[in-house]
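This report refers to the structure that appears directly beneath it.
Whatever order the structure lists them in is the order used to number ligands and atoms, beginning at 1.
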Amino acid sequence: MDGITTGRIRCYPDGRGNLFVAESGKDVPFDVKRVYYISGVTDRDTTRGSHAHKKLKQMMFCVGGVCDVIFDNGLSRETVRLDAPDKYVLVGPGIWREMTNFDSTATLMVLASDLYDECDYIRNYDDYLNYLKGALE
Ligand code: TYD
């Protein structure tokens, strides 16, 4: 789907464990202004997200455990399973996303191109479809 890209970051494994690295300008195609993460989702039916951003770019990792991210561009849906700590999905602006199927050990970490700004959110799906329509006109 246009607007999302999956990939893997570098890992340096040795006898002490695994070290994963993502650098702005090399692995992350924006300057990282914010990091947040979600953990402790104990109910597998929980859905988080359910919003789109007008400008924000994000890079999502499940650094522990597993979760699914469902993307929607108003025309089609695509599910990305984040099930390894080096696996990422890059999300551009204007994509609806829902995070679900968290296992109890999942930690979903997000690198973001900007500070938290509620004005950048579209939290209602009908508003999102209208936003897309407006963007095309
Ligand atoms: P929310 O947007 O509901 O999380 P999710 O996308 O996972 O469904 O955010 C939960 C709360 O956290 C809400 O009160 C806003 C706050 N919040 C911040 O203050 N800063 C942030 O960077 C983020 C992502 C959320």
key: N/O separation below 3.5 Å, Arg123 to ligand 1   =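 Yes - when backbone and side-chain N and O of Arg123 are compared with those of ligand 1, one distance drops under 3.5 Å.
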ask   = Got a protein heavy atom sitting under 4.0 Å from atom 14 (O) of ligand 1?
value =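 Looking at atom 14 (O) of ligand 1, one finds that no protein heavy atom lies closer than 4.0 Å.
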Any chance [atom1] of [X] has more than 12 other-residue heavy atoms, nucleotides or ligands included, within less than 6.0 Å?
X	atom1	result
Asp83	CG	yes
Tyr37	OH	no
Asp43	CG	yes

Can you tell me which residue and heavy atom of the protein come closest to [atom], and the distance to 0.1 Å?
atom	result
atom 23 (C) of ligand 1	Tyr116 CD1, 3.6 Å
atom 7 (O) of ligand 1	Arg48 NE, 2.8 Å
atom 22 (O) of ligand 1	Arg34 NH1, 2.5 Å

request  = Fit a plane to each ring of Tyr125 and Trp96, take the angle between them on a 0 to 90° scale, and name the class: parallel (under 30°), tilted (30 to 60°) or perpendicular (over 60°).
outcome  =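 Perpendicular: the ring planes of Tyr125 and Trp96 meet at over 60°.
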request  = For the pair His53 and His51, name the ring-plane relationship: parallel under 30°, tilted 30 to 60°, perpendicular over 60°.
outcome  =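 Aromatic pair His53/His51 classed perpendicular.
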request  = Have a look at ligand 1 and work out which part of Glu118, if any, has a heavy atom under 4.0 Å from it: side chain, backbone, both or neither.
outcome  =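 Neither; nothing of Glu118 gets under 4.0 Å from ligand 1.
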Could you tell me which atoms of ligand 1, counted from 1 in the order shown, lie closer than 4.0 angstrom to a heavy atom of [X]?
X	result
His51	6 (O)
Gly49	5 (P), 6 (O), 7 (O), 8 (O)
Ile38	7 (O)

message = Could you check whether any side-chain N or O of Tyr131 sits under 3.5 Å from a backbone N or O of Ala52, counting only pairs where one atom can act as donor and the other as acceptor?
response =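 Pair absent, no side-chain N/O of Tyr131 close to backbone of Ala52.
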key: Student check: side-chain heavy atoms of Leu108 and Leu82 closer than 4.5 Å   =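 Yes, their side chains come closer than 4.5 Å.
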